[in-house]
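Remarks on the structure that follows.
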There are 2 protein chains.
Amino acid sequence: MGSGGAEPGTVRPGGRTARVRAAVLRAAGDTLAERGVAHLDLADIARRADVGKTTVYRRWGTVTSLVADLLMDMAEQSLPRTETGSLLGDLKANARLVQRTLADPRQGPLFKAMIAAATCEAKTAEALHHFYDIRVKEWAPCVQQAIDRGEVPEGTDTHEVIRAVSAPLYYRLLTTGDHLDEAAADRAAEAAAAAARAGAYLRNKGLG
Amino acid sequence: MGSGGAEPGTVRPGGRTARVRAAVLRAAGDTLAERGVAHLDLADIARRADVGKTTVYRRWGTVTSLVADLLMDMAEQSLPRTETGSLLGDLKANARLVQRTLADPRQGPLFKAMIAAATCEAKTAEALHHFYDIRVKEWAPCVQQAIDRGEVPEGTDTHEVIRAVSAPLYYRLLTTGDHLDEAAADRAAEAAAAAARAGAYLRNKGLG
DNA sequence: CCCATAACGGGACTCCAGTTTCGTTAATTG
DNA sequence: CAATTAACGAAACTGGAGTCCCGTTATGGG
């Protein structure tokens, strides 16, 4: 008698198992982008992935659980940031990247759907938080460089500045129907840079 | 022969019909706050509202449609803004209001759920956009006053400044697990004020 | 106050998302 | 290159979300 068996896919992760995972995550992303989280049927995803629906139910069980796995997968593929030499330049590069992603006909709806899925289950929320944590950590160094250069006051919360760039873009995506253009990206970067220079993101504000 | 009949609840909107709507919207809000949009059963809501499930299905039909109605209802109850005499003071008052709402154990999850529901259906999205449009319009005058006072450059997009206050709070609510405290609210207000003063929210940037 | 009928509500019914069963395929190990 | 068994997949099954039917309640107009 064994311990009851680990999660499916952990003992023989190679070959077919990996192919099935890739196909299912691909199909899940496509379907999420097209239809959103609601009324999402795992059997549909299985059909699109050319995989038995039993397999999908056994390995992931629920839509939110599948989204969590998709987020784990996406978190691993982080694209390197570009460096321009100035805070505003770096933040604009970041803002443009976010804007292009959210304005993309596939990626935009996909991100909306993943955010929606994260509101439904703790595990999915955790995966989403991890995903954004990685993105923020990837870009935070450009703010540190600005601090070192003297562009931004010492004690500035670098992560908070990076989040400040994305925030208005996501807010607009979710709460308005407006198109996200490059002007919006530039405005987000300029606002974050101006606020950072003015010391709005200093840690331990108002404790003295 | 008639035209086939209008939507239920439009011909005799008084008395019982209004009571039923109020009870159902109340129950819908409670359930959304507790469980989120996923796996939400209209029969559950009907039971909690002490209303026949047939009635709920007939008048609203789907969860997203019910959320849309809830948003219409909430949009009508706009609380008046306070005036402090300075841009930063007004923006802080706004930020604190948003922060308290999102940090509230009932309202926070409710807003998350409504945002999630809006990603699933156009009609619900429209209702959400309308809701935020009203909130933004309610607070935008305080930015106009700051322009008149000379605190902020002429040509500043007043709506964009108000959105800039809320954006980081919503972004944090959705993409991190962190608690929204008053410090976060103040930081959001200060950043928006600093960026506005620096001219980051001027309309028609980069067209000349 | 009374009538016509809008709107509600209980209960039976349907249909499909999710589960269970069991046989098949192929990843790993020596 | 077998042997072992993890993982897959087709098909039958089940439970409950959503629909339908029809009798009941009570609103709004005259």
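Proteins get letters first, then strands, A, B, ... in listed order; numbering begins at 1 in each. Only heavy atoms go into these numbers, but all of them, side chains included; no hydrogens, no water, no symmetry mates.
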Around E126(A), counting heavy atoms of other residues, nucleotides and ligands shown, do more than 12 lie under 6.0 Å from its CD?
-> no

Is there a donor-acceptor contact under 3.5 Å linking the side chains of S65(B) and K123(B)?
-> yes

Grab the [atom1]-[atom2] distance between [X] and [N] for me, whole Å please.
X	N	atom1	atom2	answer
R47(B)	dG10(C)	CZ	P	11 Å
W60(A)	dG18(C)	CH2	P	15 Å
D50(B)	dG9(C)	CG	P	9 Å
R59(B)	dT19(D)	CZ	P	17 Å
R21(B)	dT27(D)	CZ	C1'	18 Å
L42(B)	dG9(C)	CG	C1'	16 Å

Tell me which of K53(A) and H39(A) sits closer to the 5' end of DNA chain D, going by the nucleotide each one is nearest to.
-> K53(A)

Sub-4.0 Å heavy-atom contacts from residues 26-38 of chain A onto DNA chain C, ordered by number | none

Note: K137(B)-D133(B) ion pair, threshold 4.0 Å (strictly below) | yes

Sidechain N-carboxylate O distance under 4.0 Å for R163(B), E160(B) | yes

Looking only at heavy atoms, what is the nearest atom pair of G89(A) and S86(A), with distance?
-> N-OG, 3.0 Å

Under 4.0 Å between a side-chain N or O of Y57(A) and OP1 or OP2 of dG18(C)?
-> yes

Ring geometry between Y171(A) and Y170(B) (parallel below 30°, tilted from 30 to 60°, perpendicular above 60°) | tilted

Which letter, B, S or -, goes with each nucleotide of nucleotides 21-30 of chain C from 5' to 3', with contact meaning a protein heavy atom under 4.0 Å?
-> B---BBBS--

Name the nucleic acid region contacted by T62(A), choosing base, sugar-phosphate or nothing; use a 4.0 angstrom heavy-atom cut-off, strictly under.
-> nothing

Before giving the answer on salt bridge (Lys or Arg N to Asp or Glu O under 4.0 Å), spell out for R48(B) and E34(B) the whole-Å C-alpha distance, their side-chain angles and the decisive distance to 0.1 Å.
-> CA-CA 13 Å; R48(B) 288 178 77 143; E34(B) 282 172 25; 3.1 Å; yes

Side-chain heavy atoms of R81(A) within contact of P141(A), under 4.5 Å | yes

How about N94(B) and T82(B): do any of their side-chain heavy atoms sit closer than 4.5 Å?
-> no

